[in-house]
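Data block below; observations after.
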Amino acid sequence: MRKIIVFGFLIVVTLCGIKAQQVNITLPQDANKEYVFILNKGINQDTIQSGRLNFAGNAIVNIPPKDKGYIGSGALIVKDTPALNMIVDQESFSVHQDADNKYIFKNSKENEYLYSFIQDKEKPAEDTSLYADYLIKLIRYMRELNQVTNGQGGLMEKTSVRLYALDKLDIDRLYTSGLWYNIIDGITRLTADQEILGQDMVQILKRINSDEVFEHLADNLVTITEQYGWDDAFDIIVPYVQESGRIETPRDRMYAAFTMAKVRKGMPAPPVVGLAKLADDQVFDKILLVFYQPDCHNCEEQLELLIKDYSRFKEQNIRIVSISSDHNKETFVLDCEKFPWSDKLCDFRGFAGVNYLNYGVLGTPTFFLLDKNYVVLGRYARVNDILF
């Protein structure tokens with residue numbers, strides 16, 4: 001019995017000795033207002049606590065165990081009040097406002113350093129041991145990047161900004177900065193050459209240590225390349241990501257991207273399920289697969305171009321095969337009445353349809369141009385980009 005009591009006492013002592021990481025907030029002017037506290041992770045904001053400040057404007061934010069090792073930018077967002085950004089490291093600290101409405105941090109060297117720059121407009125001495133020091137450098141880099149992408153600055157400035165991204169930008173620390181979207185978006189706009197863009201992104205991916213950060217950037221790049229129809233960049237980035245083996249269980253968009261990466265220029269295309277067999281005397285030089293979605297404005301625009309130029313495609317002996325993601329037979333039939341070509345497919349399973357899955361179609365419209373031997377000549381998002 002005595003052993004059990006002693007053992008229980010030791011557990012209590014041990015647990016009491018483990019102090020939870022906390023942020024103590026005191027903002028009397030925001031008393032009784034609702035708030036959320038977030039941590040930044042790439043383009044996502046992870047809400048770790050929400051509630052209401054008490055009558056005195058106090059709240060205690062508890063950093064959850066899953067974020068114990070987090071070092072980066074967090075924010076207290078109080079209703080009808082500008083966000084209070086701060087650095088969350090592995091220490092507990094407090095913040096309040098003084099009589100001049102300045103934010104005062106205690107027990108936080110990180111935030112004292114950061115707010116000397118943000119709030120007091122000072123230029124603190126460099127201290128590379130602090131995340132705040134790196135965040136300030138990121139802010140400066142983001143400004144330079146914005147200037148270059150907005151057409152300000154010359155070739156030397158553009159080259160300098162690009163080389164910094166390739167060789168020095170710490171993507172692992174950028175992930176928790178709250179500046180992820182602005183910087184990644186800016187980097188993807190540094191060049192109009194898709195091949196260079198793809199190679200640059202691969203070089204950046206190779207320098208990432210965290211698998212979580214690696215997967216997040218890879219997923220973002222899939223979205224960006226698909227959104228803008230940057231298929232040549234996609235065909236460089238996604239095969240690298242797949243071959244790296246760092247995403248063991250690809251899901252959703254990444255799973256579809258891995259599938260689509262197999263259907264790239266020079267690769268044999270999967271058979272089109274449901275496509276009628278040609279008569280012996282029918283031979284086409286090329287096949288254009290048109291994946292489209294009903295009630296999709298971009299799809300309607302591109303289909304109108306196909307209809308308008310159909311005679312030209314016919315003269316070039318190109319077989320057009322439209323593949324709808326419709327779930328409704330009636331609307332599919334109505335759409336088909338507008339199409340002058342013969343091959344119109346739909347299995348009424350939407351993006352879960354067999355051809356959509358086999359070709360890894362992420363969004364519509366998507367065009368695949370095949371030669372007569374079913375080898376992929378190219379993948380496109382717009383009719384005018386197709387190299388016939």
Original post:
Run the side chain to side chain contact (heavy atoms under 4.5 Å, CB included) check on I287 and D343 step by step: do they pass?
Top reply: CA-CA 11 Å; I287 304 104; D343 298 298; over 6 Å; no
**OP:** Go through F117 and K123 one step at a time and tell me if the side chain to side chain contact (heavy atoms under 4.5 Å, CB included) criterion holds.
**Re:** CA-CA 6 Å; F117 171 76; K123 189 177 181 181; over 6 Å; no
Subject >> Stepwise side chain to side chain contact (heavy atoms under 4.5 Å, CB included) check, L169 with I171 >> reply: CA-CA 6 Å; L169 182 62; I171 304 296; 3.6 Å; yes
Original post:
Given the rule in the side chain to side chain contact (heavy atoms under 4.5 Å, CB included) test, do V78 and L84 qualify, once you have shown the distances and angles that lead to the verdict?
Top reply: CA-CA 8 Å; V78 179; L84 171 55; over 6 Å; no
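A salt bridge does not link K372 with D285: none of the charged nitrogens is closer than 4.0 Å to a carboxylate oxygen. Ionic pairing of K109 and D127 is present here: one or more N-O contacts between side-chain nitrogen and carboxylate oxygen are shorter than 4.0 angstrom. The pair R379-D235 counts as a salt bridge, with a side-chain nitrogen and a carboxylate oxygen less than 4.0 angstrom apart. The residues D172 and R207 are annotated as not salt-bridged, no charged nitrogen and carboxylate oxygen being separated by less than 4.0 angstrom. Using a cut-off of 4.0 Å between Lys/Arg side-chain N and Asp/Glu carboxylate O, R253 and D219 are scored as not salt-bridged.
Side-chain atoms of Y141 come within 3.5 Å of backbone atoms of V161 as a donor-acceptor pair (strictly under, hydrogens ignored). Side-chain atoms of D347 come within 3.5 Å of backbone N or O of V354 as a donor-acceptor pair. At distances below 3.5 Å, at least one donor-acceptor pair connects side-chain atoms of Q49 with backbone N or O atoms of N62. The main-chain N or O of D326 is found under 3.5 Å from a side-chain atom of S324 such that the two form a donor-acceptor pair. Counting only distance, with no hydrogens or angles, the side chain of K265 and the backbone of L377 share no donor-acceptor pair below 3.5 Å. In this structure, the side chain of H96 does not engage the main chain of P28 through any donor-acceptor pair within 3.5 Å. Remark: the backbone N or O of E91 is paired with a side-chain donor or acceptor of D89 at under 3.5 angstrom. Between the side chain of D309 and the backbone N or O of R312, no donor-acceptor pair lies under 3.5 Å. With S92 contributing its side chain and Q22 its backbone, the two residues share a donor-acceptor pair below 3.5 Å. Side-chain atoms of Y70 come within 3.5 Å of backbone atoms of N40 as a donor-acceptor pair (strictly under, hydrogens ignored).
Aromatic rings from F367 and F291 are positioned such that their centres are separated by 6.0 Å or more.
Scanning for salt bridge (Lys or Arg N to Asp or Glu O under 4.0 Å) contacts around K41 gives D46, D67, with sequence neighbours left out.
Because its NZ or CZ atom is not both nearer than 6.0 Å to the ring centre of Y228 and within 45° of the ring axis, R189 does not count as a cation-pi partner of that residue.
For NZ of K66, the number of neighbouring non-hydrogen atoms (other residues, nucleotides, ligands) closer than 6.0 Å is greater than 12.
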